[in-house]
Amino acid sequence: MSGTVQTLERAIAATDGMVQRRAIAKAITLLESTRTDHRAQADELLTALLPRTGQSFRLGISGVPGVGKSTFIETLGLLLIGKGHRVAVLTIDPSSTVSGGSILGDKTRMERLSVHERAYIRPSPSSGTLGGVAEKTREAMLVCEAAGYDIVIVETVGVGQSETAVAGMTDMFVLLQLPNAGDDLQAIKKGVMELADLVAINKADIDRDAATRAQAQITSALRLFGHQGNPDHAHAVHDAHSGVERRFWLPKVLQLSALAGTGVDAFWDAVLEFKTLQTANGKLAKRREKQATAWMWERIDAGLKQAFRHHAQVRELLPLLTQQVAQGSLPASTAARQLLAAAAITARV
């Protein structure tokens, strides 16, 4: 093991909070680096940390911009710290398609939580990654777990109904909604809604009637998804093979106000109920197994794409073929096949 990795590993396990925070920040920066030598060190570090991971509860929080995700996470985080937990928050900031930069200002919305010694907040740029998360969010979660944070919260970019990647890397996926955010049809649209394990209507104190209507509409939609959508949400009480009666989670819809601090206790009670049920029926373990495999294939896809772009013959042909495609003299599919053939890859395009 290299000296850099050994130093980081020891610092991540340190009891000194400041030393540990700096080590976590350096480790995540190392993970996010695109340098070849840094990638090798990052792999070595993750392998060394792996035995100390997997003990936290991973909570994904999504919702449209303005729904109050940061305010809710701060209120929830402070509540959990009061209950004796250590809380890590990974926030994803949208990257500009023009400059490529990100503001990374989510910590400014969590002033009290960000300075608490039992909390760690890390903003990361999305860098064009789709699904509302960053490319190395999974790896960052492992670092936080190895540092002893038993609750890891992932706050997504907040872009809409296609923001589903966070559901594939957390134990529980929570969707925040606003009162008056849509009608019955909006509630039953496929996408992020059918993946939600729990829906929380934030800012419910602004318009109680609207919040109650939204709660009824979404509850009806989730009941429909329970029978026709996500199989993990299907309610079953009897296992025909074992003859054992099992309870499964049915997604709930709650009202709360993160700013006023009302309903957050009830929210956490629902999370604990979910954790207890899904642990007992084995769904939580299976979910993590599927996520680990999916993560492997995702990294394979990313690695193949990077290797393809750096292939010598591809780099030689790419400018000419790109120009021909742009000018309309060569079909894009033909150009793709020629580039794949240059890299000795046979594929249907």
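All residue numbers refer to positions in the sequence shown, counting from 1.
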Whether Tyr120 and Tyr149 hold their rings parallel, tilted or perpendicular, with breakpoints at 30° and 60°: tilted
Leu8 side chain near Lys26 side chain, heavy-atom distance below 4.5 Å: yes
Atom CE of Met296 with >12 non-hydrogen neighbours under 6.0 angstrom: yes
4.5 Å side-chain heavy-atom contact, Ile218 and Gln215: no
Shortest non-hydrogen contact between Pro251 and Leu222, atoms and distance: CB-CD1, 3.9 Å
Qualifying residue, where the test is salt bridge (Lys or Arg N to Asp or Glu O under 4.0 Å) with Glu145 and the options are Arg58, Arg138, Arg86, Arg52: Arg58
Beyond-backbone contact of Gln278 with Asp197, side-chain heavy atoms, under 4.5 angstrom: no
Reported CZ-to-CD1 distance for the pair Arg112 and Ile81, which is rounded to 0.5 angstrom: 10.5 Å
Sidechain-backbone polar pair: Arg118 side chain, Gly84 backbone, donor-acceptor under 3.5 Å: yes
Heavy-atom side-chain proximity of Asp171 to Arg287 below 4.5 angstrom: no
Nearest heavy-atom neighbours spanning Phe173 and Ser62: CE1-CB, 3.5 Å
Among Asp207, Ile206, Ile201, the one residue meeting side chain to side chain contact (heavy atoms under 4.5 Å, CB included) with Lys203: Ile206
ILVMFWY network linking Leu321 to Leu340, side-chain heavy atoms under 4.5 angstrom: yes
Taking every non-hydrogen atom, the tightest pair across Ala211 and Pro179: N-CB, 3.8 Å
Main-chain N/O of Glu32 paired with Lys136 side-chain donor or acceptor, under 3.5 Å: no
Greater than 12 external heavy atoms within 6.0 Å of Leu330's CG: yes
Thr276 backbone acceptor or donor facing Thr279 side chain under 3.5 Å: no
Trace of the side chain to side chain contact (heavy atoms under 4.5 Å, CB included) decision for Thr262 with Asp205: CA-CA 9 Å; Thr262 57; Asp205 54 328; 5.5 Å; no
Heavy-atom closest contact (Cys144 atom, Leu90 atom, distance): SG-CD2, 4.1 Å
Check: His85 side chain, Val87 main-chain N or O, donor-acceptor pair, under 3.5 Å: no
Gln20 to Ala14 - nearest heavy-atom pair and separation: NE2-O, 3.4 Å
Approximate separation, where rounding is to 0.5 Å, of Leu59 CG and Lys275 NZ: 11.0 Å
Common cluster, Val19/Val5, ILVMFWY with side-chain heavy-atom separation under 4.5 Å: no
Side chain to side chain contact (heavy atoms under 4.5 Å, CB included) assessment of Leu50 paired with Thr53: CA-CA 5 Å; Leu50 206 57; Thr53 65; 3.6 Å; yes
Same apolar cluster (I L V M F W Y, side chains within < 4.5 Å links), Leu272/Leu256: yes
Side-chain heavy atoms of Val271 within contact of Phe57, under 4.5 Å: yes
Within one Ile-Leu-Val-Met-Phe-Trp-Tyr cluster: Leu176 and Leu78, side-chain cutoff 4.5 Å: yes
Nearest atoms (heavy-atom pairs only) where Lys69 meets Val67: CG-CG1, 3.5 Å
Lys252 NZ to Leu254 CG distance, which is reported to the nearest 0.5 Å: 7.5 Å
From Ile12 atom CD1 to Arg21 atom CZ, the distance as rounded to the nearest 0.5 Å: 14.5 Å
Min side-chain heavy-atom separation Phe267-Leu198 under 4.5 Å: yes
Residue pair Val154 / Thr137, side-chain heavy-atom distance below 4.5 Å: yes
Side chain to side chain contact (heavy atoms under 4.5 Å, CB included) assessment of Thr91 paired with Met110: CA-CA 11 Å; Thr91 70; Met110 306 181 200; 4.0 Å; yes
Pair His311-Arg315, side chain to side chain contact (heavy atoms under 4.5 Å, CB included): steps then yes or no: CA-CA 6 Å; His311 192 281; Arg315 294 177 69 176; 5.9 Å; no
Approximate separation, where rounding is to 0.5 Å, of Leu250 CG and Glu273 CD: 9.5 Å
Leu45 CG to Leu31 CG distance, which is reported to the nearest 0.5 Å: 6.5 Å
Check: Ala258 main-chain N/O paired with Thr71 side-chain donor or acceptor under 3.5 Å: no
Same apolar cluster: Leu320 and Val314, side chain cutoff 4.5 Å: no
Under 3.5 Å donor-acceptor, Arg213 side chain and Arg208 backbone: no
Distance-only polar pair, side chains of Arg122 and Thr29, donor-acceptor under 3.5 Å: yes
Glu74 side-chain N/O to Glu111 backbone N/O, donor-acceptor pair under 3.5 Å: yes
Ser329 (side chain) donor-acceptor with Val325 (main chain) under 3.5 angstrom: no
Non-hydrogen side-chain atoms of Ile151 and Ile153 separated by less than 4.5 Å: yes
